[in-house]
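The structure appears right after this line, and notes come after that.
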Amino acid sequence: MERKVRVRFAPSPTGPLHIGGVRTALYNYLFAKQNNGDFLLRIEDTDRTRFVEGAEEYIIESFKWLGIKFDEGVGIGGEYGPYKQSERKDLYKDYAMKLIENGNAYYAFDTAEELDKIRKEFEQNKKNFQYDCNTRQSLRNSLTLSKQETEDLLKNGSHYVIRFLFPKDTTIEFDDMIRGHISMESNLLDDKVLYKSDGMPTYHLANIVDDHLMKISHVIRGEEWLPSCPLHVCLYKAFGWQDSMPQFAHLPLLLKPDGKGKLSKRDGDRLGFPVFPLQWTDPKTKEVSSGYRESGYLPEAVINMLALLGWNDGTEQEIFTLDELIEKFSIERISKHGAKFDLEKAKWFNHQYLQHIPSKDLATLFLEELKQRDSEIDFDSSKIDLQSITAIVDLVKERCSFEKDLWEQSYFFFTRPKTYEEKAVKKRWKEGMTERMSDIFSKLNAIEDNSWAEKAEEFLMDYIQKNELNMGQVMNCIRLAVVGDTKGPNMVDIMRLLGKNEILKRIKTAINNIHL
RNA sequence: GCCCUGUUCGUCUAGUUGGUUAGGACGCAAGAUUUUCAUUCUUGAAAUCAGGAGUUCAAAUCUCCUACAGGGUACCA
């Protein structure tokens, strides 16, 4: 019988969730859903010194925003709980003891200070210290101490850790779903601490115990775990769980857009893009880091962008819904090398998704923003209704990558020009234009109010032809008068939306204020 | 230092059984459209496939070496 697919995302609550972590979670999610499997959230809080207030809530909130749902875990529950490692504390000791009993682990009494000292000495001699097959015989542990000495030390409450005892002269091998066959020599590996002196397990122990107990079938995690994977493989063997050992897949890292190295928190602030899904305020320093949500990204766009950063389906398709991703995703098609984050491409993705939002929905959001901008608006904002805003949004939407761009693209509907763009004036408002515009003004004024914009357009076409002018000469000046610059959507559309009175008022103001 | 993993246009990548004018997307440039700006459309520039050696009639694809990059090397995850 095929094993049920069960995967987990297991962050530690040490701060906001890095976007690379979000991608790892996404790939886990896609894989689980594709295989009708379970996706669980486990919080790995075994390092109490690094615990950050609010981080766990932040993680849950992030996935909620992204629309990635967990089947089990912290905040949801499930039959394999608790899903927070600090709440499973007692469990790990028993498993560590098992390894001591079967000879795969040993007590070590060296203090952190002692080891630091040895490390420094080694460094001075340009050597690297490792607690391994070469050094463990000369350190203070249950391998070198007599049985009695060890028992006494344990009894009198001496601090100790439990270390994994790597077998000598063996080659550890395993298969990675992305990287293929990987092997490492056991003699090169150090005896990692499994159980810390504070009574907490390390990641290595907790991760294996929990994955086994939670029946995890596939471990999909970042490349930074690849070097310790041989240890994990050995642990499965040491526990006698090799038959149910999960399959491993180590994901490539997300790198900085410029230079080299792993994408870090600082890069976001430095280069102007978010590294976190949600905005985060550090509880201690009060430092604020920007988030995708607050920067105006659509969750669907973030997911699509992230999915394609290191994976593709082999076709030229780039826009995928979550359901399509679930259908088409495959671990084998994940690239092996790290990917640099590309801000421009991220914007492009958001633009694509923004266009699919109905104008009315965007208008509803925009209406809220307009309320905030009340002081900038030259009209009675209470009279601005959803219908007219929808018409405006319709007109400018395709120019926007973000909802927040709407204002920049349509502010002239709400505010009259205070100044006129110098370059545009120079280029368009030539000699004699003031007189010409005065003439046009009175003609436009004479046109009846009913369907004014359409009739005004007719008149202007006619006027241009009769006076042997070209379109640009006249329309650009009207645009300059109405918008304050030679930009924006179709002039007649603007005239229709703004109406006769407003347009004429602006033309009059321009005639009075633009001087050559 | 040692160990592991990588390396195709500026960026993300296609290429999976060796034979392609090395394809696409973002960005960039030009043109078209637009009365303008943007959008959109078309076209273009852009990778001697990190370098070298080998296997082969034939190598981006297989092997080895080198370089570079990233990761790991904690009682952190």
Side-chain angles (χ1 to χ4, degrees), chain A residues 10-14 44-47 49-50 108 110-112 115-116 119 122-123 126-131 159-163 176 178-179 182-185 188-190 192-204 206-207 221-230 250 252-253 255 257-258 260-262 305 308-319 332-333 335-349 351 355 396-400 405 409 424 427-428 460 464 469-480 483 485-492:
Chain A
S12 38
T14 55
E44 312 224 324
D45 55 348
T46 51
D47 186 354
T49 62
R50 295 210 310 159
D110 324 84
T111 64
L115 292 175
D116 270 350
R119 264 194 200 97
F122 268 67
E123 248 171 66
K126 298 209 166 168
K127 278 182 180 169
N128 189 46
F129 172 75
Q130 252 192 196
Y131 210 116
H159 279 246
Y160 68 90
V161 300
I162 295 174
R163 286 182 182 272
D176 184 280
I178 296 170
R179 289 154 210 286
I182 288 167
S183 67
M184 247 182 270
E185 295 306 315
L188 265 12
L189 272 5
D190 66 331
K192 281 269 180 297
V193 171
L194 301 176
Y195 192 81
K196 302 185 273 189
S197 60
D198 66 355
M200 276 292 207
T202 60
Y203 169 84
H204 304 295
N207 146 294
R221 75 234 293 195
E223 195 186 357
E224 67 268 29
W225 294 111
L226 197 50
S228 51
C229 201
H250 290 93
L253 264 19
L255 310 170
D258 67 333
K260 314 283 183 180
K262 186 157 75 155
M305 178 227 10
L308 271 283
L309 215 50
W311 173 86
N312 69 81
D313 74 338
T315 72
E316 280 165 11
Q317 184 177 351
E318 293 204 278
I319 301 294
E332 292 73 20
R333 290 200 59 89
S335 53
K336 295 179 174 72
H337 53 270
K340 285 184 189 168
F341 180 88
D342 185 352
L343 177 62
E344 291 305 322
K345 192 85 186 234
K347 283 185 190 162
W348 178 82
F349 272 114
H351 182 265
Q355 304 315 311
V396 302
K397 183 165 79 169
E398 66 179 12
R399 299 161 172 264
C400 302
D405 295 341
Q409 295 300 333
K427 193 173 172 191
R428 305 294 183 186
L460 286 166
I464 287 161
L469 297 163
N470 60 41
M471 289 277 270
Q473 281 174 285
V474 175
M475 294 307 251
N476 277 313
C477 286
I478 297 177
R479 180 180 293 280
L480 193 54
V483 176
D485 199 349
T486 52
K487 65 178 189 187
N490 184 280
M491 199 54 228
V492 177

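Hydrogens, waters and symmetry mates are skipped; everything else that's a heavy atom, side chains included, is used. Reminder, nothing fancy here: chain letters follow the sequence lines and each chain counts from 1. The shown structure was predicted, so the numbers you read here are calculated from the model rather than taken from an experiment.
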If the condition is ring pair (Phe, Tyr, Trp, His ring centres under 6.0 Å), which residues does [X] pass it with, not counting sequence neighbours?
| X | result |
| --- | --- |
| A/Phe349 | none |
| A/His351 | none |
| A/Trp348 | none |

For residues A/Leu189 and A/Pro230, determine if any side-chain heavy atom of one lies less than 4.5 Å from a side-chain heavy atom of the other. yes
Pairing partner of [N] (Watson-Crick or G-U wobble, both distances under 3.5 Å):
| N | answer |
| --- | --- |
| B/U39 | none |
| B/C62 | B/G54 |
| B/C75 | none |
| B/A46 | none |
| B/U33 | none |
| B/G10 | B/C26 |
| B/G70 | B/C4 |

Between [N] and [M], how far apart are the two [atom1] atoms, rounded to whole Å?
| N | M | atom1 | result |
| --- | --- | --- | --- |
| B/U39 | B/A29 | P | 11 Å |
| B/G71 | B/G54 | C1' | 31 Å |
| B/U55 | B/U63 | P | 15 Å |

Going 5' to 3' through [range], assign each nucleotide B (protein heavy atom under 4.0 Å from a base atom), S (under 4.0 Å only from sugar-phosphate atoms) or - (no protein heavy atom that close).
| range | answer |
| --- | --- |
| nucleotides 31-52 of chain B | ----BBBBB------------- |
| nucleotides 5-24 of chain B | SSS---BSSSSB------SS |
| nucleotides 72-77 of chain B | SSSBBB |

For [X], side-chain hydrogen bond (donor to acceptor under 3.5 Å, both in side chains) partners two or more places apart:
| X | answer |
| --- | --- |
| A/Asp342 | none |
| A/Ser183 | none |
| A/Asp190 | A/Lys192 |
| A/Glu44 | A/Arg42, A/Gln85 |

Listed by chain and number, what are the side-chain contact (heavy atoms from CB on, under 4.5 Å) partners of A/Lys336, not counting sequence neighbours? A/Ile178, A/Arg179
To the nearest 0.5 Å, how far apart are OG1 in A/Thr46 and OH in A/Tyr203? 10.0 Å
Output all residues satisfying salt bridge (Lys or Arg N to Asp or Glu O under 4.0 Å) with A/Glu123, sequence neighbours left out; order by chain, then residue number.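 So A/Glu123 forms no salt bridge (Lys or Arg N to Asp or Glu O under 4.0 Å) with any residue.
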